[in-house]
Amino acid sequence: MKCEDLKLELPGLLWGELAPSDREKALKHLAECPACQKEWQEFKAVQSVMSKLGEENPLREVVFIERKHPESPLLKLWNWLTSPGALQWGLAAALILIALALAKPSLSLQDGKLSFAFGKIERIASPAPTPPPQITPADLEERLQQERSETLKLVAEVLQKSSEEQRRDFTLTLTAFARDLEKQRQQDLTWMTSGMQSIQRSSQTDIMRTNRVLEDLIKTASYQEGK
Amino acid sequence: MTDQELIQAYLKGDDRAFNSLVRRYHKPVYNYLLKMVGSREDADDLAQTVFIRCCTSLKKLKDQQRFAPWLYRIAANLARDHWRARKETVSFDQYCEEANPLAEILLSNDDPLNAAAAEQRAEIVRKALLMIPFEQRETLILKMYQSLKFSEIAEALGEPLNTVKSRLYYGLSAMKKILQSWNLEELRHYEM
């Protein structure tokens, strides 16, 4: 250990907050380095002097006046609701309610008895009272499988419905797009047609003018020859 | 009851629990502030403010087992603000050059058990503490007198662990230099 490294370890050594291995290294260095040993002794002396500084009593006592009247029920409720424990319980309760809502519980009265289950319960005509059937682990497993497959069916229905809706929306969008495209195409055709017509008209006009000029030239040339 | 139990009782509406917490920590907090700011009246006022802030903010304390570092953090912030507002500086070099009249009285009194000598020695240490840089002082006091662990000091001051160790080292060095310059008996045989 170097002298520079020992500096940061001296407070830990002084107050016993060094790990055993670091303490051993520090003590070894102190045994070998007179300058660091001197500093260490000086620090111990300073610590000893400082530790003799006693504590004083405060000039005044601080006392918080206890509330004479009980909190209003509303305030108590608010304090309880906003306390960390209550918030955790509230969150847990909310999660349980959400889970129950998703699992679609149902409550029904059958044969004078309340029954609670997840999923639909089919009401069947109650036969003469029979002793309750023995439920085996196999029955439970079968029931669980049933519930699982019903849930899967439900999920598939939801997915199908959502994909059908998506397809419908997509079709509508495509149709609207095709309609707009057709409108645009018609517009372009109209413009092109009118453009071509006006070009045609001006070309015809030019051609006719050219013809006239040529005819005049020919007439003039024939007249000159005749002379 | 532990700090955590008292806090929970208070949050449920038991005001006596908070007063128990105050009684437990008032004297240490007051003495911490006294060493930090050097004035008994100021330390008294600041201590009251510490507990008022504690009362209003206790609901926000996330880890109730770490009440002490949190409380000292409030005290450290108040002491820092107060010290900066005062803007009083004591020149270290000035004190080193001049002879300290208190040290003369100490040297003339050979009986270490004498109460007056003890009080004078205490006064020297208090003055010396006020002369070292503020950050070194707050760290040294929290370790020396409030007996917080290095990790708790780091938490209270919001500083890394190595910074705490460094401040302790340099704080002790500064105290050594001041006390030696005042020819304090215990450090007299060490050369400056």
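Note that the coordinates shown come from a computational prediction; the quantities given were computed from them, not determined experimentally.
Remark: side-chain polar atoms of Y30(B) are not paired, donor with acceptor, to backbone N or O of R60(A) under 3.5 angstrom.
A heavy-atom distance below 4.5 Å is not found between the side chains of V125(B) and K52(A).
The parts of L59(A) that come within reach of chain B are both its backbone and its side chain, each placing non-hydrogen atoms under 4.5 angstrom from that chain. With a 4.5 Å cut-off on non-hydrogen atoms, E39(A) touches chain B through its side chain but not through its backbone. In this structure, chain A has heavy atoms under 4.5 Å from both the backbone and the side chain of I52(B). The contact between F18(B) and chain A is made entirely by side chain atoms (from C-beta outward), counting heavy-atom distances below 4.5 Å. Looking at E41(B), both its backbone and its side chain come within 4.5 Å of chain A, counting heavy atoms on both sides. Within the 4.5 angstrom heavy-atom criterion, atoms from both the backbone and the side chain of L172(B) approach chain A.
More than 12 heavy atoms of other residues, nucleotides or ligands sit less than 6.0 Å from atom CD of E32(A). The neighbour count for Q4(B) CD, taken as heavy atoms of other residues, nucleotides or ligands under 6.0 Å away, is above 12. Heavy atoms from other residues, nucleotides or ligands lying under 6.0 Å from CD of E142(A) number 12 at most. Few gaps surround CZ on R66(B); more than 12 heavy atoms of other groups in view lie less than 6.0 Å from it. By the 6.0 Å contact criterion, CZ on R23(A) is open, its count of non-hydrogen atoms from other residues, nucleotides or ligands being 12 or less.
Note: N57(A) CG to R40(B) CZ = 11.5 Å, rounded to the nearest 0.5 Å. To the nearest 0.5 Å, atom CD of residue Q48(B) and atom CD of residue E61(A) are 10.5 Å apart. Rounding to the nearest 0.5 Å gives a distance of 4.0 Å between CE of M175(B) and CE of M50(A). In this structure, CG on L129(B) lies 7.0 Å from CG on L53(A), to the nearest 0.5 angstrom. Interatomic distance, NZ of K7(A) versus NZ of K165(B), reported as 16.0 Å (0.5 Å rounding).
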* **side chain to side chain contact (heavy atoms under 4.5 Å, CB included) between I124(B) and V49(A), intermediate numbers included** => CA-CA 10 Å; I124(B) 287 173; V49(A) 167; over 6 Å; no

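Minimum heavy-atom separation, D44(B) to P58(A): OD1-CB, 3.8 Å.
The stretch residues 147-159 of chain B places L148(B), K149(B), F150(B) near chain A, each with some heavy atom under 4.5 Å from a heavy atom of that chain. Among the residues in residues 133-144 of chain B, those with a non-hydrogen atom closer than 4.5 angstrom to a non-hydrogen atom of chain A are L140(B), K143(B), M144(B).
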